[in-house]
There are 2 protein chains.
Amino acid sequence: MERLIRNLKITINPKVYVKDPESSDLGKRLVEQGIALIDQQGFEHFTFKKLGDLVGSNESSVYRYFENKHKFLLYLSCWYWGWMEYRLVLNTLGASDPEDRLNKALEILTQPVELDMAFAHVDEVALNRIMVNEHAKPFLTKAVDRENKEGYFEPYKRLVERFAEMIGEVNGDYPFARSLASTVLEGSLHQHFLENHLPSLTNCKQPGSITHFFRGLVTSVLNSSEYV
Amino acid sequence: MERLIRNLKITINPKVYVKDPESSDLGKRLVEQGIALIDQQGFEHFTFKKLGDLVGSNESSVYRYFENKHKFLLYLSCWYWGWMEYRLVLNTLGASDPEDRLNKALEILTQPVELDMAFAHVDEVALNRIMVNEHAKPFLTKAVDRENKEGYFEPYKRLVERFAEMIGEVNGDYPFARSLASTVLEGSLHQHFLENHLPSLTNCKQPGSITHFFRGLVTSVLNSSEYV
DNA sequence: ATAAAATGATAGTAATACTATTAAATTTGC
DNA sequence: GCAAATTTAATAGTATTACTATCATTTTAT
């Protein structure tokens with residue numbers, strides 16, 4: 001897999017950047033160091049000035065790649081969900097039984113990312129932490145409808161769609177496959193956040209228990225007739 | 001109930017404000033108009049200057065009541081969850097059967113707020129919209145741990161705790177009552193958000209279907225042995 | 001070697017998030 | 001009803017942020 005990975009590139013909607021950061025060394029450093037910076041200081045304290053300094057360049061150079069810091073976060077978010085989709089597909093190809101496939105999907109989508117797969121210059125472990133800590137910020141904005149039209153949420157939508165399909169293959173009569181899929185994806189990030197910051201709001205303290213919790217939910221509702 | 005309501009006051013941790021807005025006419029107008037302003041323009045475009053102008057006063061007056069706009073949002077959030085707890089308690093007192101009580105709780109916590117109960121100067125319908133559109137912003141910040149220590153999330157925690165207790169009364173063996181409670185609360189706001197802005201990520205388009213979806217989830221998992 | 005493109009450095013603007021000061025109005029105590 | 005205390009209004013000012021514009025320098029492509 002390692003080899004495969006180095007030759008692959010996550011495709012990002014060109015509208016989220018001014019100039020493709022993948023197209024230059026500076027661009028790649030911006031992504032790499034931007035992830036490190038947001039991971040350390042949080043998105044609120046992240047500025048293009050800091051990022052410029054960090055990569056040994058300056059503010060104006062960063063603006064040549066990204067319109068503003070919100071677009072930068074959108075870029076990371078698109079990358080993350082695109083990468084999750086890739087992981088989901090890769091890891092469920094082998095499972096021919098729908099239940100096995102769904103279980104595998106649940107693992108991929110709810111377990112914390114603990115191994116940096118060194119996908120190019122992206123530290124996926126740090127990026128996963130960013131998603132846990134900032135997950136709602138790409139869409140909780142007044143511009144969400146316009147940005148949706150411009151396609152910035154497509155990677156996330158594709159992932160939900162794929163996951164919902166796997167749910168449908170286990171129980172085609174369940175009428176809330178998409179809601180369940182989006183609840184699990186969002187809820188998983190939220191439970192990881194609670195585990196770190198508001199532990200009294202969760203029972204998931206052991207490694208793997210978030211996956212356990214969501215597997216219980218999904219399995220129960222798909223095997224039950226309670227939803228009618 | 002109307003009468004009862006007018007004599008009640010939601011208690012807010014004094015640390016979230018500089019001066020209690022309930023203690024003066026200006027303070028009440030700040031809360032009232034602040035809700036209207038955030039509802040219309042979104043929290044990102046909300047400024048104390050705009051709010052000061054709107055109430056016929058100015059920026060510096062607002063600062064005498066709230067330290068900054070984040071604290072203002074925390075105030076609204078505390079008010080909202082305090083009010084939800086009040087509604088939860090009031091509406092579940094009558095139900096002696098644990099399952100009835102849990103069902104009632106699910107309704108209260110997942111249905112959109114559609115009736116302004118005219119609880120003092122707070123428009124609960126608008127406040128509910130704000131919570132749907134900004135729900136994660138009070139806690140998705142680098143200061144979450146400090147703010148947690150200062151007790152700003154107590155109302156939310158109390159609500160989750162109460163809800164988790166009701167879950168425990170239906171099935172005391174279920175090991176994820178808190179996670180389920182926090183998932184339903186957060187997930188409900190999220191599904192309402194998706195319904196409004198990213199409808200392809202949800203199956204909940206009819207009134208009541210979000211409640212229906214979560215009731216299915218909760219009921220299934222509590223009646224199942226899948227979670228073990 | 002030259003043109004074109006990318007980057008670096010500097011400066012500047014508008015808006016925001018505050019703080020400080022003082023004057024005016026209102027409330028309160030007596 | 002008057003003085004004192006408190007609250008509010010008005011103004012000014014600062015630091016930071018989020019940009020935009022300009023131009024010099026370096027790198028790259030042919």
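So that the names make sense, note that chain A is the first sequence line, chain B the second, and so on, each numbered from 1.
Dashed line: the shortest gap from a side-chain N or O of B:Ser61 to OP1 or OP2 of D:dT8 is not under 4.0 Å. One finds a side-chain N or O of A:Ser24 lying less than 4.0 angstrom from the OP1 or OP2 phosphate oxygen of C:dT7. Here A:Tyr65 does not reach the OP1 or OP2 of C:dA6: none of its side-chain N or O atoms lies under 4.0 Å away. OP1 or OP2 of D:dT17 has not a single side-chain nitrogen or oxygen of A:Lys69 nearer than 4.0 Å. Contact between the side-chain N/O atoms of A:Lys19 and the OP1/OP2 oxygens of C:dT7 is found at a separation under 4.0 Å.
Across D:dA18, C:dA9, D:dA9, the shortest atom-to-atom separation from the side chain of B:Ser57 is found for D:dA9. With D:dT17, D:dT11, C:dG8 as the choices, the nucleotide that has an atom nearest any side-chain atom of B:Ser60 turns out to be D:dT11. Considering only side-chain atoms of B:Tyr63, the nucleotide from C:dA6, D:dA9, C:dC18 that sits closest is C:dC18. Among C:dC18, D:dT8, C:dT7, the nucleotide with an atom closest to any side-chain atom of B:Leu26 is D:dT8.
Per the geometry, CG belonging to A:Asn68 stands 16 Å off P belonging to D:dT17, to the nearest Å. Rounded to whole Å, atom P of D:dT7 lies 12 Å from atom CG of B:Asp20. The distance from atom CD of A:Glu59 to atom P of C:dT13 is 16 Å, rounded to the nearest whole Å. At whole-Å resolution of the value, CG in A:Asp25 and P in D:dT26 are 18 Å apart. The interatomic distance linking B:Phe43 (CZ) with C:dT16 (P) rounds to 14 Å, in whole Å. Protein atom CG of B:Leu37 is 12 Å distant from nucleotide atom P of C:dT16, rounded to whole Å. Rounded to whole Å, the distance from NZ on B:Lys49 to P on D:dT11 is 11 Å. Spacing between atom CD of B:Glu67 and atom P of C:dT19 amounts to 8 Å, rounded to whole angstrom units.
Ring-plane geometry between A:Phe66 and A:Tyr75 is classed as perpendicular, the angle between the planes exceeding 60 degrees on a 0 to 90 degree scale with a lower cut at 30.
In this structure, the ring of B:Tyr80 has its center no less than 6.0 angstrom from the ring center of B:His135. Aromatic ring centroids of B:Phe193 and A:Phe139 lie under 6.0 Å apart.
To the nearest 0.5 Å, atom CD1 of residue A:Ile12 and atom CG of residue A:Leu76 are 8.5 Å apart.
Nucleotides of DNA chain D nearest to A:Thr47 and A:Arg64 differ in position, and the one nearer the 5' end is that of A:Thr47.
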(request) Evaluate the side-chain contact (heavy atoms from CB on, under 4.5 Å) criterion for residues A:Lys157 and B:Leu198: first the C-alpha distance (whole Å), next the side-chain angles of each, then the deciding distance (0.1 Å), finally the verdict. (result) CA-CA 9 Å; A:Lys157 287 179 176 180; B:Leu198 300 161; 4.1 Å; yes
